[in-house]
Structure formats: C-alpha cells, structure tokens
Amino acid sequence: MEVGFLGLGIMGKAMSLNLLRHGFKVTVWNRTLSRCDELVEHGASVGETPAAVIKKCKYTIAMLSDPSAALSVVFDKDGVLEEICSGKGYIDMSTVDADTSSKISEAITEKGGYFLEAPVSGSKKPAEDGQLVILAAGVKALYDEVIPAFDVLGKKSFFLGKVGNGAKMKLVVNMIMGSMMNAFSEGLVLAERSGLSQQTLLDIVDLGGIANPMFKQKGPAMIQSKFPPAFPLKHQQKDMRLALALGDENAVSMPVAAAANEAFKKARSLGLGDNDFSAVYEAVKIPDCSADA
Ligand SMILES: NC(=O)C1=CN([C@@H]2O[C@H](COP(=O)(O)OP(=O)(O)OC[C@H]3O[C@@H](n4cnc5c(N)ncnc54)[C@H](OP(=O)(O)O)[C@@H]3O)[C@@H](O)[C@H]2O)C=CC1
Ligand SMILES: O=CC(=O)O
C-alpha cells in the first residue's frame, strides 16, 4: 500500500517510520523539509509540497500540531485542496476541534475526495510501537480501506460515526488526562512540602486503585525535574483550550479542567511549552502569589 504522510514531528516521524518498517511505500512532506532526511534514509520518498504528495498518493495521512496548521496545509497555496479529487482519501490524525475537521471535510468532499478524521490516543512510545488508539470518524468506506495502515499504527481503532465525533472524543480524553496530570503534580508537591518521600508516594500510588501507566512512566522523571518531550505541553494546553470550548458549547461546567488549563498556561508563560506536558509540575510548584493579596 502506498501512502502520503504530512507532518513529521514527534508523532508523524514515529508513525511514518512504522509504516515503512511494515512494508508501506511512504511519501513524506514536512514544513521544515530537512526533517524528511531521516525518513528518506529509511526508504521514504519526498514530496515538495502537500499538493505534490496528494497528487502522487491515493491515501494521505496528516499529523500536524493544531487547527491552524491543519487548515493551512489543506487550504494554503500548494495545499491538499489543489490536488485532491475523486478516488483519493485524506486522513487527518492531528488533534483539532470538530469545527476545523468539518471545514476540512467539506472542502475535500466538494472536490470529490474522501475524508476521515482519526486523532489518536497514545504518545511517542505507543506511536513508535504501533500501539496507538485510533478515534476515526467520517467516510466509513475510507476507514475500511485504510484499516491495513491503522493496524500497523495502532492497537485498536474505533469508528465513531460522523465527522467531529473523533475530534470531540479525543478532546474529552485529553481533558481528563490534563486534569489528572495536574492533580498528580499537586500531590507530588504536597508530599514534598509535607516532608514525605515523593518516591514512596509513587510506590504507594502504583499499588492502589489510582495506579495508571501515565503516573508510572512520568512520575520518576518528574521528581527529578526531567521532562523530555513525548507530548509537548503546548499541545496539551491547546487540547485543554479546545475541550473547554466544547464544554462552553454544551453548557458543561468544568472547573477542574479550567484550573488545569490555567496551570498549563502558566507553564507556557514560564517557557515550558516545548517540554513534556508533565512539566506543568514546575508551574504547580511555584507558590500562588494571588493567595497573599
Ligand atoms: N506527542 C504526542 O504524544 C501526541 C500528539 N498528538 C497530537 O498530534 C499532533 C502532532 O503532535 P506532535 O507530533 O507531538 O507535534 P510536534 O510539535 O512534534 O510536530 C508538529 C508538526 O506540525 C508541523 N506544523 C506546525 N505548524 C505548521 C504549519 N503552520 N504548517 C505546516 N506544518 C506545521 C510541524 O512542522 P515543522 O517541523 O516544520 O515545525 C511538525 O511536523 C498534535 O495535534 C498533537 O496534539 C496526539 C497524540 C499524542
Ligand atoms: O494526546 C496525547 C496523548 O498522549 O494521547
């Protein structure tokens, strides 16, 4: 199977390498073109523009940072829309909001192409290991056709119906994850300030009902103030922002998520946006000056 791949960041690089390892022919494009070099060493071809990739491939996957990147790659000059046509499928796996996904879907459909949104749950390591959870929605026929690729990229795929449902599901999941990371960070700070061992806290948490892979994997690095980026904090804050907007639309009160978003914003203002999202711990550590006012 031949696929195009647009966006070779942390996730896109791991995912396209995985496809190459499993015998797919992959044509890649990245805004910073030099990032294609490593993929070429592993057998990929390069398209000079998103349009060139679409022209060459029947199926093209995108994995881009945020709504503005996802829209730009489709609508700007040399973008996807210039070459998408009947018989071609476009699969956007970026985490965006439902409106962005719908705009892309409508434009692709107008040109006769097929569209699937397919954001993923799982981070750098699951992407490397083909263990993502894929949350697809859109054209079911396209979903069925690209299952061989999803089987390589993920451990489980869900088809969630109409465009927007995949985006919304992903935002709900990441809203929970971001709130959990804040509670975990507060717990680590509280343990330390109370004179307790943070390592002992990690051991206890891992043995009980709130044990989970995220705390287990990230906790030991966090207590050493190490945050190598797997899921960049700036993207988690984008997801909190988009999830809160979804809450606004549906009149769902989300005070926990709103507080978590503030902590991620504070972390970004401290210059931590390119660190892993667990770096919110550094923001949580800083005393809240407003409490003294
Ligand atoms: N990392 C993770 O653990 C996970 C991330 N996600 C989601 O996947 C998506 C990608 O994440 P990740 O790989 O971590 O992000 P990165 O920041 O590592 O990569 C972002 C990619 O988007 C490209 N990009 C950014 N802006 C533009 C633009 N205006 N036009 C064209 N390309 C652009 C970047 O190109 P360039 O190299 O030129 O900057 C790069 O290829 C995000 O939506 C994220 O929320 C989902 C699950 C897990
Ligand atoms: O979106 C991030 C993830 O870990 O899932």
Side-chain angles (χ1 to χ4, degrees), residues 4-18 28-39 46-51 53 60-80 91-98 100-101 104 117-136 153-156 158 166-181 212-215 217-218 227-243 264 268 273-280:
F5 208 107
L6 311 179
L8 302 174
I10 292 172
M11 295 297 283
K13 176 182 154 188
M15 292 161 75
S16 48
L17 277 174
N18 221 356
V28 296
W29 171 85
N30 193 65
R31 179 181 61 175
T32 309
L33 269 178
S34 58
R35 284 183 116 167
C36 298
D37 295 350
E38 192 181 340
L39 277 293
V46 179
E48 290 293 314
T49 62
V53 175
T60 299
I61 295 172
M63 193 53 164
L64 302 157
S65 51
D66 54 21
S68 94
L71 291 167
S72 156
V73 163
V74 171
F75 290 96
D76 287 359
K77 184 171 177 308
D78 297 326
V80 168
I91 304 112
D92 192 346
M93 303 186 82
S94 323
T95 305
V96 298
D97 56 308
T100 298
S101 226
I104 294 172
E117 61 179 8
V120 300
S121 194
S123 193
K124 185 179 176 204
K125 182 82 170 64
E128 287 167 352
D129 296 344
Q131 292 293 305
L132 297 168
V133 179
I134 297 170
L135 311 175
L153 298 173
K155 61 180 173 187
K156 172 89 182 160
F158 291 84
K168 289 177 192 170
M169 186 65 85
K170 174 62 184 163
L171 293 178
V172 173
V173 171
N174 275 28
M175 182 273 286
I176 297 170
M177 185 170 83
S179 299
M180 280 172 65
M181 180 53 84
N212 69 72
M214 180 173 87
F215 293 171
Q217 282 157 18
K218 297 195 188 275
F227 314 102
F231 180 36
L233 187 142
K234 62 187 175 192
H235 296 332
Q236 172 69 80
Q237 196 268 314
K238 170 256 304 178
D239 295 350
M240 295 308 283
R241 173 168 52 82
L242 298 177
F264 285 118
R268 277 185 60 195
D274 289 326
N275 287 248
D276 188 68
F277 78 116
S278 49
V280 73

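Remember, it's 1-based here, ligands and their atoms both numbered in the order they're listed.
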Got the closest protein heavy atom to [atom], with its distance?
atom: atom 18 (O) of ligand 1; value: Ile10 N, 2.9 Å
atom: atom 29 (N) of ligand 1; value: Arg31 NH1, 3.5 Å
atom: atom 8 (O) of ligand 1; value: Met63 CE, 3.2 Å
atom: atom 38 (O) of ligand 1; value: Thr32 OG1, 2.5 Å
atom: atom 17 (O) of ligand 1; value: His235 NE2, 2.9 Å
atom: atom 35 (O) of ligand 1; value: Asn30 OD1, 3.7 Å
atom: atom 1 (N) of ligand 1; value: Ala230 O, 2.8 Å
atom: atom 9 (C) of ligand 1; value: Leu64 O, 3.2 Å

Looking only at heavy atoms of Gln236, does any of them come nearer than 4.0 Å to an atom of ligand 2?
no
Thr95 near ligand 2, heavy-atom distance under 4.0 Å?
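No, Thr95 has no heavy atom closer than 4.0 Å to ligand 2.
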Which is it for [X] and ligand 1 at heavy atoms under 4.0 Å: side chain, backbone, both or neither?
X: Met93; value: neither
X: Lys238; value: side chain
X: Met11; value: both
X: Val73; value: side chain
X: Pro232; value: side chain

Point-to-point distance, once rounded to the nearest 0.5 Å, from [atom1] of [X] to [atom2] of [Y]:
X: Glu128; Y: Ile10; atom1: CD; atom2: CD1; value: 10.0 Å
X: Ser121; Y: Lys156; atom1: OG; atom2: NZ; value: 14.0 Å
X: Glu117; Y: Ile91; atom1: CD; atom2: CD1; value: 12.5 Å

Could you go through the side chain to side chain contact (heavy atoms under 4.5 Å, CB included) check for Phe277 and Met214 one step at a time?
CA-CA 11 Å; Phe277 78 116; Met214 180 173 87; 3.7 Å; yes
Can you name the atoms of ligand 2, numbered from 1 with element, that are less than 4.0 Å from a heavy atom of Ser121?
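Atoms satisfying the 4.0 Å criterion: 5 (O).
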Atoms of ligand 2, numbered as shown, that sit under 4.0 Å from any heavy atom of Phe231
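Those qualifying, in numeric order: 1 (O), 2 (C).
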Please identify which atoms of ligand 1 are closer than 4.0 Å to at least one heavy atom of [X].
X: Gly7; value: 41 (O)
X: Leu8; value: 41 (O)
X: Val120; value: 46 (C), 47 (C)

Please confirm whether the backbone N or O of [Y] pairs with a side-chain atom of [X], one donor and one acceptor, at under 3.5 Å?
X: Lys170; Y: Val120; value: yes
X: Asn18; Y: Ala127; value: yes
X: Asn30; Y: Arg35; value: no
X: Asn212; Y: Phe215; value: yes
X: Asn174; Y: Met177; value: no
X: Asp276; Y: Phe231; value: yes

Test your reading of the structure: does Met177 have an N or O sitting under 3.5 Å from an N or O of ligand 2?
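Met177 vs ligand 2: no N/O contact under 3.5 Å.
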Hey, does Asn174 come in under 3.5 Å of ligand 2, counting only N/O atoms on both sides?
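Yes; at least one N/O pair falls below 3.5 Å.
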Is the closest N or O pair between Arg35 and ligand 1 shorter than 3.5 Å?
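For ligand 1, there is an N or O atom that lies under 3.5 Å from one belonging to Arg35.
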Given [options], which has its nearest heavy atom closest to [atom]?
atom: atom 42 (C) of ligand 1; options: Ser65, Ser94, Pro119; answer: Ser65
atom: atom 46 (C) of ligand 1; options: Thr95, Val173, Asn174, Leu242; answer: Thr95
atom: atom 47 (C) of ligand 1; options: Ser123, Gly122, Gly273; answer: Gly122
atom: atom 33 (C) of ligand 1; options: Cys36, Gly9, Ala69; answer: Ala69
atom: atom 2 (C) of ligand 2; options: Lys170, Met11, Met214, Lys124; answer: Lys170

Pair Lys238-Thr95, side chain to side chain contact (heavy atoms under 4.5 Å, CB included): steps then yes or no:
CA-CA 9 Å; Lys238 170 256 304 178; Thr95 305; 3.5 Å; yes
Option passing side-chain contact (heavy atoms from CB on, under 4.5 Å) with Val53 (candidates Thr60, Val46, Val73, Ile61)
Thr60
Could you go through the side chain to side chain contact (heavy atoms under 4.5 Å, CB included) check for Gln236 and Met181 one step at a time?
CA-CA 10 Å; Gln236 172 69 80; Met181 180 53 84; 6.0 Å; no
Mind checking whether Cys36 and Leu8 have side chains closer than 4.5 Å, heavy atoms only?
yes
Are there over 12 heavy-atom neighbours, none belonging to Met169, within less than 6.0 Å of that residue's CE?
no
Please walk me through it: do Leu132 and Met11 pass side chain to side chain contact (heavy atoms under 4.5 Å, CB included)?
CA-CA 10 Å; Leu132 297 168; Met11 295 297 283; 3.8 Å; yes
